[in-house]
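Each remark here refers to the structure printed beneath this line.
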Amino acid sequence: MVINYQDITLRDMKESDIADHIRWRTVETAWKDWDGPWAPLSFDDPEGFRQKKLEQIRTFREGFRRRFEVDAAGVHIGTVINYPIDEDCNILENHDNATDPAQGRWTLGIDLYDSAYWSGGWGTKALTAWVRYHLDAGCREVYLQTWSGNRRMAALAEKVGFREFRRKPGLRKVRGGAYDGLTFLLDKDAFAAHCRRMEHPSPLALYIPRLEDMWFAQRMQEDPETMAYNAGWDVSYGGYHPDTGCIDLPESTWAAKHQRLVGHEPEQFYAFLRVRETGDFAGYVNFRWDADEGRYDMSVVLYAPYRGRGWGSEALELLLRRAFLACGVPALHNTFETTRAPAIAIHKRAGFRQVGTTQDVRFGRPVELMELELTREAYLNRR
């Protein structure tokens, strides 16, 4: 059986897949840090594994599928599976014999073993296709399980339409810490809404920049039209030009800036906005923990040539998903002059509410600033 969904394919196993699975269990094992890391990866008989999989392929029977291999644009990258659970969300014994999709509580699992395909939207597409397969097969209840330390998996579940159903505190012991066992139940209405979004995706995507991509950060920071919002503030910041708002970013400083901004989730997140259709960079988003203020501050900046397209709301929504669903940030805060009506309107449409006002000085004159905040709870309720 082959199921195509956008550029993802779910398919039955073939012989050439076996070598990939052996490699993922012996060499490329980073996935195990997130999939059941409380149980050691024991794999000491590759040839026995190969023979077992060959026998499964030879004796394969048609019917309701319990697993598929996952291809991304033709590249084998992982697996999706299912298993039934009992009323207390425990895996049923002898569950390999379960074959009736209309019976039981079917729980879905997904592993993208190839780390090069993490955070690229492939997991979203694969899980969406896997859920649709179960609903089309007649499954009445569809679940997903993970642990509270696997924030990306929990965020993916929320994004696709699963909602937390059962939490078992301290169930999993991982790397010296205690984590909750999480079971999610599919909200079919939320899943339908997710599918509609997948059919009409945002024109933008988040892109984690590499060091060599920092030329774009330099271009933005040194562009007067882009940085006009930043002009006139009474601050002492190296390379800051108060007349234009621009900030110098010579190539000699790229490495330090990249190291400071990238790879520090959940305390800090920084990404470029990338145009899906062309691959061009169109701006950046970020959030960071401000210890002095005791809050997460955020910003969304579009590169001037890409303004006027309605992409501010798209960019803001991408950042909110990352902060609240992937990183579990409790609340985000932003500040604007009260005269910046378009920016304020975009934030209020997204659910931000005013939590206060402050005063500052710009171009030597006092200005009033509006303090806006959106909590994770309010964001999830709106979704």
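Here, residue 1 is the first one in the sequence, and each next residue gets the next number.
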Item to complete: Please test Glu55 against Arg58 for salt bridge (Lys or Arg N to Asp or Glu O under 4.0 Å), starting from the C-alpha separation and ending with a verdict.
Response: CA-CA 5 Å; Glu55 180 63 18; Arg58 283 194 294 264; 3.2 Å; yes
Discussion item. So does Ala304 get a backbone contact from the side chain of Thr226, meaning a donor-acceptor N/O pair under 3.5 Å?
Written reply: yes
Item to complete: Would you confirm whether His264, through its side chain, and Gln259, through its main-chain N or O, come within 3.5 Å as a donor-acceptor pair?
Response: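 Yes, because the side chain of His264 sits within donor-acceptor range (under 3.5 Å) of the backbone of Gln259.
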Rounded to the nearest 0.5 Å, what separation is found between the [atom1] atom of [X] and the [atom2] atom of [Y]?
X: Ile77; Y: Leu112; atom1: CD1; atom2: CG; result: 4.5 Å
X: Phe269; Y: Leu261; atom1: CZ; atom2: CG; result: 11.0 Å
X: Leu144; Y: Ile85; atom1: CG; atom2: CD1; result: 10.0 Å
X: Ser42; Y: Arg25; atom1: OG; atom2: CZ; result: 11.5 Å
X: Leu135; Y: Leu186; atom1: CG; atom2: CG; result: 6.0 Å
X: Ile344; Y: Thr338; atom1: CD1; atom2: OG1; result: 6.5 Å

Step through it carefully: locate the ring centre of [X], locate the ring centre of [Y], and say whether they are under 6.0 Å apart.
X: Tyr303; Y: Phe216; value: yes
X: His347; Y: Phe336; value: yes
X: Tyr284; Y: Phe272; value: no

All side-chain hydrogen bond (donor to acceptor under 3.5 Å, both in side chains) counterparts of [X], not counting sequence neighbours:
X: His194; result: Thr128
X: Arg11; result: Asp17, Asp71
X: Thr9; result: Asn4

Practice prompt. Decide yes or no on salt bridge (Lys or Arg N to Asp or Glu O under 4.0 Å) for Arg322 and Glu265, but give the supporting numbers first.
Written response: CA-CA 10 Å; Arg322 189 66 175 229; Glu265 293 181 72; 3.0 Å; yes
Do [X] and [Y] have side-chain heavy atoms sitting under 4.5 Å apart?
X: Leu318; Y: Leu273; value: yes
X: Leu108; Y: His134; value: yes
X: Met370; Y: Thr335; value: no
X: Thr124; Y: Leu156; value: yes
X: Val329; Y: Met298; value: no
X: Glu317; Y: Ser202; value: no
X: Asn230; Y: Gln221; value: no
X: Glu371; Y: Gln354; value: no

Residues forming a ring pair (Phe, Tyr, Trp, His ring centres under 6.0 Å) with [X], sequence neighbours excluded:
X: Trp233; result: none
X: Phe49; result: Phe43
X: His21; result: Trp24, His76, Tyr113
X: Tyr133; result: Phe64, Phe68, Trp130

Worksheet item: Quick one: ring-ring contact (aromatic ring centres under 6.0 Å, His included) pairs with a partner in residues 148-184, sequence neighbours left out?
Response: Tyr143-Phe165, Trp147-Tyr179
Is it the case that the side chains of [Y] and [X] hold a donor-acceptor pair, with the cut-off being a distance below 3.5 Å and no angle test?
X: Ser115; Y: Glu28; result: no
X: Ser299; Y: Asn286; result: yes
X: Asp290; Y: His333; result: no
X: Glu337; Y: Tyr229; result: no

On a heavy-atom basis, which atom in [X] and which in [Y] lie closest, and how many Å separate them?
X: Leu182; Y: Ser148; answer: CD1-CA, 3.8 Å
X: Ile57; Y: Lys14; answer: CD1-C, 3.7 Å
X: Thr183; Y: Cys89; answer: OG1-CB, 3.6 Å
X: Ala231; Y: Asp243; answer: CB-O, 4.0 Å
X: Ile18; Y: Lys53; answer: CD1-CB, 3.7 Å
X: Ala315; Y: Val285; answer: O-CG1, 4.1 Å

For [X], what residues pass the salt bridge (Lys or Arg N to Asp or Glu O under 4.0 Å) criterion, not counting sequence neighbours?
X: Arg309; answer: none
X: Arg349; answer: none
X: Glu164; answer: Arg167
X: Asp297; answer: Arg295

Ion pair check, [X] and [Y], cut-off under 4.0 Å:
X: Arg274; Y: Glu277; result: no
X: Arg172; Y: Asp180; result: no
X: Asp86; Y: Arg105; result: no
X: Arg288; Y: Glu267; result: no
X: Lys125; Y: Asp7; result: yes

Item to complete: Apply side chain to side chain contact (heavy atoms under 4.5 Å, CB included) to the pair Arg66 and Tyr83, showing each step before the final yes or no.
Response: CA-CA 7 Å; Arg66 302 295 310 281; Tyr83 54 89; 4.2 Å; yes
Worksheet entry | Test log, rule salt bridge (Lys or Arg N to Asp or Glu O under 4.0 Å), inputs Glu15 and Arg50 | CA-CA 9 Å; Glu15 185 173 349; Arg50 175 178 173 78; 3.1 Å; yes
Item to complete: Apply the test salt bridge (Lys or Arg N to Asp or Glu O under 4.0 Å) to residues Asp88 and Lys168: give CA-CA distance (whole Å), side-chain angles for both, the deciding distance (0.1 Å), then the verdict.
Response: CA-CA 10 Å; Asp88 196 35; Lys168 296 184 177 181; 3.6 Å; yes
Discussion item. Test side chain to side chain donor-acceptor pair (under 3.5 Å) on Gln268 and Tyr296; report intermediate values, then the result.
Written reply: CA-CA 9 Å; Gln268 178 171 292; Tyr296 280 91; over 6 Å; no
